[in-house]
Amino acid sequence: DGLPSLLKVLAGCWSDRLGKRKPLVVAGYALSALGKLFLPAATAWQHVFLLKTLERSGKGVRSAPRDAMISESADKSNRGRGFGLHRAMDTTGAVIGSILAYLLWQGGMSYTSIFMVAGVLSVVALFPFRWVKESFKAPNCEVRLKLSSLSKELRRFLFIACLFALGNFSYMFFILRAQGLFSGAEAVAAPLLLYVLFNLVYAALAMPIGIWSDRVGRKRVLALGYALFALTALGFAFVTSLAGLIALFALYGLVYALVDGSERAYVSDLSPGGLRGSSLGLYYGAIGATAVLSSLTAGALWAWWGAEATFLFGAGAAALAAMALQGMKRMEVS
(Lines give C-alpha, C1' and ligand atoms only; values in the text may rest on other atoms or scores of the structure.)
Protein backbone atom coordinates (compact mmCIF):
# COMPACT_ATOMS: atom_id res chain seq x y z
CA ASP A 1 0.00 0.00 0.00
CA GLY A 2 2.92 2.38 0.58
CA LEU A 3 4.14 2.58 -3.04
CA PRO A 4 0.64 3.11 -4.51
CA SER A 5 0.09 5.99 -2.07
CA LEU A 6 3.16 7.75 -3.44
CA LEU A 7 2.11 7.01 -7.01
CA LYS A 8 -1.30 8.60 -6.40
CA VAL A 9 0.38 11.88 -5.50
CA LEU A 10 2.70 11.79 -8.51
CA ALA A 11 0.04 10.66 -10.99
CA GLY A 12 -2.35 13.43 -9.95
CA CYS A 13 0.30 16.11 -10.42
CA TRP A 14 1.52 14.51 -13.64
CA SER A 15 -1.98 14.59 -15.14
CA ASP A 16 -2.18 18.36 -14.41
CA ARG A 17 1.19 18.97 -16.04
CA LEU A 18 0.44 16.68 -18.99
CA GLY A 19 -2.96 18.20 -19.60
CA LYS A 20 -4.46 14.73 -20.10
CA ARG A 21 -6.06 12.28 -17.68
CA LYS A 22 -7.06 9.30 -19.82
CA PRO A 23 -3.57 7.88 -20.65
CA LEU A 24 -2.73 7.58 -16.95
CA VAL A 25 -6.13 6.09 -16.12
CA VAL A 26 -5.80 3.42 -18.83
CA ALA A 27 -2.21 2.67 -17.79
CA GLY A 28 -3.31 2.25 -14.18
CA TYR A 29 -6.08 -0.19 -15.00
CA ALA A 30 -3.69 -2.11 -17.31
CA LEU A 31 -1.10 -2.49 -14.51
CA SER A 32 -3.77 -3.84 -12.16
CA ALA A 33 -4.96 -6.25 -14.83
CA LEU A 34 -1.41 -7.60 -15.29
CA GLY A 35 -1.02 -8.10 -11.55
CA LYS A 36 -4.25 -10.09 -11.38
CA LEU A 37 -3.55 -12.05 -14.56
CA PHE A 38 -0.20 -13.43 -13.35
CA LEU A 39 -1.25 -14.02 -9.73
CA PRO A 40 -2.41 -17.62 -10.40
CA ALA A 41 1.15 -18.47 -11.46
CA ALA A 42 2.58 -17.46 -8.07
CA THR A 43 4.33 -20.30 -6.22
CA ALA A 44 5.86 -18.38 -3.29
CA TRP A 45 4.88 -15.51 -1.05
CA GLN A 46 7.50 -13.32 -2.71
CA HIS A 47 5.65 -13.71 -6.03
CA VAL A 48 2.38 -12.72 -4.38
CA PHE A 49 4.04 -9.71 -2.75
CA LEU A 50 5.43 -8.43 -6.07
CA LEU A 51 2.23 -9.08 -8.03
CA LYS A 52 -0.02 -7.49 -5.40
CA THR A 53 2.32 -4.49 -5.32
CA LEU A 54 1.97 -4.25 -9.11
CA GLU A 55 -1.80 -4.58 -8.87
CA ARG A 56 -2.06 -1.91 -6.17
CA SER A 57 0.37 0.33 -8.04
CA GLY A 58 -2.08 0.33 -10.93
CA LYS A 59 -4.66 1.75 -8.56
CA GLY A 60 -2.11 4.33 -7.48
CA VAL A 61 -1.55 5.49 -11.05
CA ARG A 62 -5.22 5.70 -12.05
CA SER A 63 -7.10 6.96 -8.97
CA ALA A 64 -6.38 10.72 -8.92
CA PRO A 65 -6.58 11.25 -12.73
CA ARG A 66 -9.77 9.18 -12.89
CA ASP A 67 -11.46 11.19 -10.15
CA ALA A 68 -10.32 14.41 -11.79
CA MET A 69 -11.99 13.19 -15.01
CA ILE A 70 -15.19 12.50 -13.08
CA SER A 71 -15.17 15.95 -11.43
CA GLU A 72 -14.60 17.62 -14.80
CA SER A 73 -17.40 15.71 -16.49
CA ALA A 74 -20.08 17.46 -14.40
CA ASP A 75 -20.60 20.95 -13.00
CA LYS A 76 -20.37 21.51 -9.27
CA SER A 77 -24.12 21.19 -8.73
CA ASN A 78 -24.01 17.62 -10.11
CA ARG A 79 -20.57 16.53 -8.92
CA GLY A 80 -21.96 14.41 -6.10
CA ARG A 81 -24.18 12.61 -8.60
CA GLY A 82 -21.13 11.90 -10.78
CA PHE A 83 -19.05 10.44 -7.97
CA GLY A 84 -22.10 8.56 -6.66
CA LEU A 85 -22.66 6.98 -10.08
CA HIS A 86 -19.03 5.91 -10.25
CA ARG A 87 -19.12 4.35 -6.79
CA ALA A 88 -22.45 2.64 -7.55
CA MET A 89 -21.14 1.10 -10.78
CA ASP A 90 -17.79 0.14 -9.24
CA THR A 91 -19.43 -1.47 -6.24
CA THR A 92 -22.03 -3.26 -8.37
CA GLY A 93 -19.08 -4.88 -10.09
CA ALA A 94 -17.71 -5.86 -6.68
CA VAL A 95 -21.06 -7.43 -5.76
CA ILE A 96 -21.23 -9.43 -8.98
CA GLY A 97 -17.57 -10.42 -8.60
CA SER A 98 -18.05 -11.57 -5.00
CA ILE A 99 -21.12 -13.61 -5.91
CA LEU A 100 -19.30 -15.13 -8.89
CA ALA A 101 -16.32 -16.02 -6.68
CA TYR A 102 -18.67 -17.65 -4.15
CA LEU A 103 -20.46 -19.68 -6.83
CA LEU A 104 -17.18 -20.81 -8.39
CA TRP A 105 -15.86 -21.80 -4.96
CA GLN A 106 -19.07 -23.67 -4.17
CA GLY A 107 -18.76 -25.42 -7.55
CA GLY A 108 -15.39 -26.83 -6.53
CA MET A 109 -13.11 -24.47 -8.47
CA SER A 110 -9.67 -23.90 -6.93
CA TYR A 111 -8.47 -20.51 -5.72
CA THR A 112 -5.92 -20.49 -8.55
CA SER A 113 -8.65 -20.92 -11.17
CA ILE A 114 -10.83 -18.27 -9.54
CA PHE A 115 -7.92 -15.81 -9.64
CA MET A 116 -7.42 -16.64 -13.31
CA VAL A 117 -11.07 -15.78 -14.05
CA ALA A 118 -10.60 -12.46 -12.24
CA GLY A 119 -7.46 -11.72 -14.26
CA VAL A 120 -9.15 -12.38 -17.60
CA LEU A 121 -12.13 -10.19 -16.66
CA SER A 122 -9.82 -7.33 -15.66
CA VAL A 123 -8.14 -7.46 -19.09
CA VAL A 124 -11.51 -7.49 -20.88
CA ALA A 125 -12.52 -4.41 -18.85
CA LEU A 126 -9.85 -2.35 -20.66
CA PHE A 127 -11.61 -2.45 -24.02
CA PRO A 128 -14.48 0.01 -23.24
CA PHE A 129 -11.89 2.77 -22.67
CA ARG A 130 -11.96 3.19 -26.45
CA TRP A 131 -15.22 5.15 -26.05
CA VAL A 132 -14.23 7.19 -22.98
CA LYS A 133 -13.59 10.87 -23.66
CA GLU A 134 -12.18 13.54 -21.37
CA SER A 135 -12.82 17.27 -21.18
CA PHE A 136 -9.54 18.41 -19.59
CA LYS A 137 -7.40 20.06 -22.28
CA ALA A 138 -5.38 22.66 -20.41
CA PRO A 139 -1.78 21.61 -19.77
CA ASN A 140 -0.05 23.65 -17.10
CA CYS A 141 3.68 23.01 -16.98
CA GLU A 142 4.03 25.42 -14.07
CA VAL A 143 2.21 23.05 -11.69
CA ARG A 144 4.25 22.43 -8.55
CA LEU A 145 3.36 19.77 -6.03
CA LYS A 146 3.25 21.54 -2.67
CA LEU A 147 0.71 21.97 0.11
CA SER A 148 1.01 25.77 0.02
CA SER A 149 -0.69 25.71 -3.41
CA LEU A 150 -3.86 24.42 -1.77
CA SER A 151 -6.46 26.52 0.01
CA LYS A 152 -6.49 26.69 3.80
CA GLU A 153 -9.88 24.95 3.84
CA LEU A 154 -8.63 22.07 1.72
CA ARG A 155 -5.55 21.59 3.89
CA ARG A 156 -7.77 21.52 6.96
CA PHE A 157 -10.10 18.99 5.38
CA LEU A 158 -7.15 16.77 4.41
CA PHE A 159 -6.15 16.68 8.08
CA ILE A 160 -9.71 15.73 9.10
CA ALA A 161 -9.95 13.08 6.38
CA CYS A 162 -6.67 11.59 7.62
CA LEU A 163 -8.00 11.53 11.17
CA PHE A 164 -11.00 9.56 9.94
CA ALA A 165 -8.75 7.28 7.87
CA LEU A 166 -6.76 6.52 11.01
CA GLY A 167 -9.84 4.81 12.43
CA ASN A 168 -11.12 3.48 9.11
CA PHE A 169 -8.74 0.51 8.93
CA SER A 170 -8.89 -2.22 6.28
CA TYR A 171 -12.25 -3.95 5.72
CA MET A 172 -10.37 -7.23 6.30
CA PHE A 173 -10.58 -6.55 10.04
CA PHE A 174 -14.37 -6.55 9.72
CA ILE A 175 -14.20 -9.80 7.74
CA LEU A 176 -11.93 -11.37 10.37
CA ARG A 177 -14.27 -10.23 13.12
CA ALA A 178 -17.17 -11.98 11.37
CA GLN A 179 -15.07 -15.05 10.66
CA GLY A 180 -14.35 -15.47 14.35
CA LEU A 181 -18.04 -16.16 15.05
CA PHE A 182 -18.17 -19.15 12.66
CA SER A 183 -16.37 -22.44 12.15
CA GLY A 184 -15.71 -24.89 9.35
CA ALA A 185 -17.03 -24.03 5.87
CA GLU A 186 -19.24 -21.31 7.37
CA ALA A 187 -16.08 -19.39 8.32
CA VAL A 188 -15.45 -18.91 4.58
CA ALA A 189 -19.01 -18.63 3.24
CA ALA A 190 -20.61 -16.36 5.88
CA PRO A 191 -18.01 -13.52 5.79
CA LEU A 192 -18.05 -13.59 1.98
CA LEU A 193 -21.84 -13.26 1.88
CA LEU A 194 -21.74 -10.51 4.50
CA TYR A 195 -19.22 -8.69 2.32
CA VAL A 196 -21.69 -9.04 -0.56
CA LEU A 197 -24.37 -7.46 1.67
CA PHE A 198 -22.00 -4.58 2.48
CA ASN A 199 -21.41 -3.96 -1.22
CA LEU A 200 -25.11 -4.27 -2.11
CA VAL A 201 -26.04 -1.54 0.38
CA TYR A 202 -23.11 0.58 -0.78
CA ALA A 203 -24.02 0.19 -4.47
CA ALA A 204 -27.72 0.88 -3.92
CA LEU A 205 -27.18 4.05 -1.88
CA ALA A 206 -24.05 5.60 -3.42
CA MET A 207 -25.80 7.54 -6.17
CA PRO A 208 -28.84 8.71 -4.14
CA ILE A 209 -26.50 9.94 -1.42
CA GLY A 210 -24.29 11.64 -4.03
CA ILE A 211 -27.35 13.53 -5.31
CA TRP A 212 -28.32 14.35 -1.71
CA SER A 213 -24.83 15.79 -1.09
CA ASP A 214 -25.35 18.12 -4.07
CA ARG A 215 -28.45 19.46 -2.33
CA VAL A 216 -27.49 19.65 1.35
CA GLY A 217 -23.70 20.03 1.12
CA ARG A 218 -20.79 17.60 1.39
CA LYS A 219 -19.81 18.60 4.92
CA ARG A 220 -23.16 17.59 6.40
CA VAL A 221 -23.12 14.23 4.61
CA LEU A 222 -19.54 13.52 5.64
CA ALA A 223 -20.14 14.43 9.28
CA LEU A 224 -23.06 11.99 9.34
CA GLY A 225 -20.92 9.30 7.71
CA TYR A 226 -18.07 9.75 10.20
CA ALA A 227 -20.48 9.59 13.15
CA LEU A 228 -22.20 6.47 11.80
CA PHE A 229 -18.83 4.78 11.33
CA ALA A 230 -18.07 5.44 14.99
CA LEU A 231 -21.33 3.69 15.93
CA THR A 232 -20.63 0.85 13.49
CA ALA A 233 -17.14 0.24 14.89
CA LEU A 234 -18.57 0.32 18.40
CA GLY A 235 -21.09 -2.33 17.35
CA PHE A 236 -18.37 -4.55 15.88
CA ALA A 237 -16.49 -4.36 19.17
CA PHE A 238 -19.30 -6.14 21.00
CA VAL A 239 -21.27 -8.09 18.36
CA THR A 240 -21.97 -11.75 19.20
CA SER A 241 -24.71 -12.89 16.79
CA LEU A 242 -25.38 -13.37 13.07
CA ALA A 243 -28.30 -10.91 13.26
CA GLY A 244 -25.98 -8.31 14.72
CA LEU A 245 -23.42 -8.91 11.97
CA ILE A 246 -26.06 -8.53 9.26
CA ALA A 247 -27.19 -5.19 10.69
CA LEU A 248 -23.62 -3.96 11.14
CA PHE A 249 -22.43 -4.92 7.65
CA ALA A 250 -25.47 -3.15 6.20
CA LEU A 251 -24.62 -0.07 8.29
CA TYR A 252 -21.00 -0.36 7.15
CA GLY A 253 -22.23 -0.20 3.54
CA LEU A 254 -24.26 2.92 4.36
CA VAL A 255 -21.16 4.54 5.87
CA TYR A 256 -19.14 3.96 2.71
CA ALA A 257 -21.98 5.32 0.58
CA LEU A 258 -21.95 8.48 2.72
CA VAL A 259 -18.18 8.93 2.88
CA ASP A 260 -16.32 7.49 -0.09
CA GLY A 261 -17.70 9.53 -2.98
CA SER A 262 -18.45 12.58 -0.84
CA GLU A 263 -14.83 12.97 0.29
CA ARG A 264 -13.63 12.97 -3.32
CA ALA A 265 -16.34 15.38 -4.40
CA TYR A 266 -15.52 17.70 -1.49
CA VAL A 267 -11.80 17.71 -2.37
CA SER A 268 -12.82 18.57 -5.95
CA ASP A 269 -15.09 21.36 -4.67
CA LEU A 270 -12.23 22.89 -2.69
CA SER A 271 -9.67 22.59 -5.52
CA PRO A 272 -8.93 25.07 -8.32
CA GLY A 273 -9.44 23.50 -11.75
CA GLY A 274 -5.79 23.58 -12.79
CA LEU A 275 -4.72 21.77 -9.60
CA ARG A 276 -7.55 19.27 -9.32
CA GLY A 277 -5.43 16.25 -10.24
CA SER A 278 -2.69 17.33 -7.84
CA SER A 279 -5.21 18.00 -5.05
CA LEU A 280 -6.83 14.60 -5.47
CA GLY A 281 -3.38 13.02 -5.64
CA LEU A 282 -2.37 14.63 -2.35
CA TYR A 283 -5.66 13.52 -0.83
CA TYR A 284 -5.12 9.94 -1.95
CA GLY A 285 -1.49 9.99 -0.87
CA ALA A 286 -2.30 11.32 2.59
CA ILE A 287 -5.17 8.88 3.06
CA GLY A 288 -3.09 5.98 1.76
CA ALA A 289 -0.16 6.71 4.07
CA THR A 290 -2.56 7.05 7.00
CA ALA A 291 -4.23 3.77 6.01
CA VAL A 292 -0.92 1.93 6.39
CA LEU A 293 -0.46 3.37 9.89
CA SER A 294 -4.13 2.68 10.66
CA SER A 295 -4.04 -1.00 9.78
CA LEU A 296 -0.67 -1.56 11.49
CA THR A 297 -2.09 0.04 14.64
CA ALA A 298 -5.32 -1.96 14.36
CA GLY A 299 -3.34 -5.19 13.95
CA ALA A 300 -1.16 -4.42 16.96
CA LEU A 301 -4.19 -3.61 19.12
CA TRP A 302 -5.88 -6.85 17.99
CA ALA A 303 -2.77 -8.88 18.85
CA TRP A 304 -2.23 -7.24 22.23
CA TRP A 305 -5.74 -6.66 23.59
CA GLY A 306 -8.17 -8.35 21.19
CA ALA A 307 -10.66 -7.32 18.52
CA GLU A 308 -12.62 -5.10 20.91
CA ALA A 309 -9.64 -2.74 21.36
CA THR A 310 -9.22 -2.43 17.58
CA PHE A 311 -12.82 -1.40 16.97
CA LEU A 312 -12.93 0.94 19.97
CA PHE A 313 -9.87 2.69 18.53
CA GLY A 314 -11.68 3.04 15.18
CA ALA A 315 -14.78 4.41 16.86
CA GLY A 316 -12.80 7.01 18.79
CA ALA A 317 -10.88 8.30 15.74
CA ALA A 318 -14.07 8.56 13.65
CA ALA A 319 -15.91 10.42 16.42
CA LEU A 320 -13.07 12.94 16.67
CA ALA A 321 -13.14 13.42 12.87
CA ALA A 322 -16.90 14.05 12.96
CA MET A 323 -16.49 16.71 15.64
CA ALA A 324 -13.58 18.35 13.81
CA LEU A 325 -15.58 18.52 10.58
CA GLN A 326 -18.49 20.16 12.34
CA GLY A 327 -16.15 22.92 13.47
CA MET A 328 -14.65 23.52 10.04
CA LYS A 329 -15.72 26.67 8.23
CA ARG A 330 -17.28 26.05 4.86
CA MET A 331 -15.86 27.73 1.78
CA GLU A 332 -17.03 27.28 -1.80
CA VAL A 333 -14.35 26.92 -4.46
CA SER A 334 -15.32 26.37 -8.08
Side-chain angles (χ1 to χ4, degrees), residues 1-42 47-74 82-83 85-87 89-94 97 115-145 260-261 263-265 267-268 271 273-289 291-292:
D1 281 332
L3 178 61
S5 297
L6 175 62
L7 287 174
K8 288 174 183 177
V9 180
L10 297 177
C13 185
W14 192 13
S15 74
D16 285 338
R17 292 175 63 99
L18 186 64
K20 295 180 180 179
R21 318 286 193 196
K22 183 177 174 180
L24 291 171
V25 177
V26 175
Y29 277 105
L31 278 177
S32 292
L34 285 174
K36 290 186 177 77
L37 194 61
F38 288 103
L39 187 60
H47 302 159
V48 177
F49 177 81
L50 290 173
L51 288 167
K52 283 300 293 179
T53 299
L54 179 65
E55 190 266 333
R56 300 303 288 178
S57 294
K59 187 172 184 178
V61 170
R62 72 179 183 254
S63 294
R66 180 204 61 209
D67 283 359
M69 282 184 71
I70 293 171
S71 70
E72 290 153 359
S73 69
F83 279 99
L85 175 61
H86 169 255
R87 298 318 304 156
M89 297 295 286
D90 184 85
T91 309
T92 298
F115 290 148
M116 179 60 74
V117 171
V120 171
L121 288 174
S122 65
V123 172
V124 172
L126 294 172
F127 290 99
F129 273 110
R130 178 181 177 182
W131 296 282
V132 174
K133 300 185 184 302
E134 60 175 312
S135 58
F136 184 60
K137 297 290 183 181
N140 183 356
C141 294
E142 299 304 316
V143 170
R144 292 292 183 269
L145 188 62
D260 204 16
E263 280 194 341
R264 300 172 194 186
V267 171
S268 298
S271 306
L275 287 173
R276 192 155 289 147
S278 301
S279 299
L280 285 162
L282 284 169
Y283 159 75
Y284 273 118
I287 294 299
V292 175

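Note that these values count all heavy atoms, side chains included, but never hydrogens, waters or copies made by symmetry.
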Residue pair H47 / F38, side-chain heavy-atom distance below 4.5 Å
no
Is the shortest heavy-atom distance from the side chain of V26 to the side chain of R21 under 4.5 Å?
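No, side chains not in contact.
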CA sep, side-chain torsions, deciding dist, call: I70, R264, side chain to side chain contact (heavy atoms under 4.5 Å, CB included)
CA-CA 10 Å; I70 293 171; R264 300 172 194 186; over 6 Å; no
Considering only distance and modelled atom types, tabulate donor-acceptor pairs under 3.5 Å from the side chains of residues 115-128, sequence neighbours left out.
| from | atom 1 | to | atom 2 | distance (Å) |
| --- | --- | --- | --- | --- |
| S122 | OG | A118 | O | 3.4 |
| S122 | OG | G119 | O | 2.6 |

Closer than 3.5 angstrom, by distance alone: can the side chain of K8 be matched with the main-chain N or O of S63 as a donor-acceptor pair?
no
Sequence neighbours excluded, which residues qualify as side chain to side chain donor-acceptor pair (under 3.5 Å) partners of R66?
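Once residues adjacent in sequence are excluded, the partners of R66 under the side chain to side chain donor-acceptor pair (under 3.5 Å) criterion are Y284.
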Got a sec, which residues hit side chain to side chain donor-acceptor pair (under 3.5 Å) with S71, two or more places apart in sequence or on another chain?
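S71: no side chain to side chain donor-acceptor pair (under 3.5 Å) contacts found.
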Can a donor-acceptor pair be found between the side chains of S271 and R276 at a distance below 3.5 Å?
no
So, using side-chain contact (heavy atoms from CB on, under 4.5 Å) as the criterion, who are the partners of L85 when residues are at least two apart?
M89, M207
Would you please name every residue forming a side-chain contact (heavy atoms from CB on, under 4.5 Å) with S32, sequence neighbours left out?
K36, E55, R62
Could you tell me the separation between the [atom1] atom of [X] and the [atom2] atom of [Y], rounded to the nearest 0.5 Å?
| X | Y | atom1 | atom2 | answer |
| --- | --- | --- | --- | --- |
| R130 | K133 | CZ | NZ | 10.0 Å |
| L37 | L51 | CG | CG | 10.0 Å |
| D67 | S279 | CG | OG | 12.0 Å |
| S57 | K52 | OG | NZ | 11.0 Å |
| L280 | D16 | CG | CG | 9.0 Å |
| L10 | S278 | CG | OG | 10.0 Å |

Within residues 49-72 or reaching into it, pairs that qualify as ring-ring contact (aromatic ring centres under 6.0 Å, His included) - sequence neighbours excluded:
none
Under the ring-ring contact (aromatic ring centres under 6.0 Å, His included) test, which residues partner Y29, sequence neighbours left out?
F129
Nearest non-hydrogen partners of A64 and G277, listed with the distance
CB-O, 3.9 Å
Could you report the tightest heavy-atom contact between V48 and A42, atom names first, then the distance?
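Closest pair (atom of V48, atom of A42, distance): CG2-CB, 3.8 Å.
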Pairs involving residues 117-129, ordered by first then second residue, that meet salt bridge (Lys or Arg N to Asp or Glu O under 4.0 Å) (sequence neighbours left out)
none
Scan residues 279-289 for pairs that pass salt bridge (Lys or Arg N to Asp or Glu O under 4.0 Å), counting only residues two or more places apart or in two chains.
none
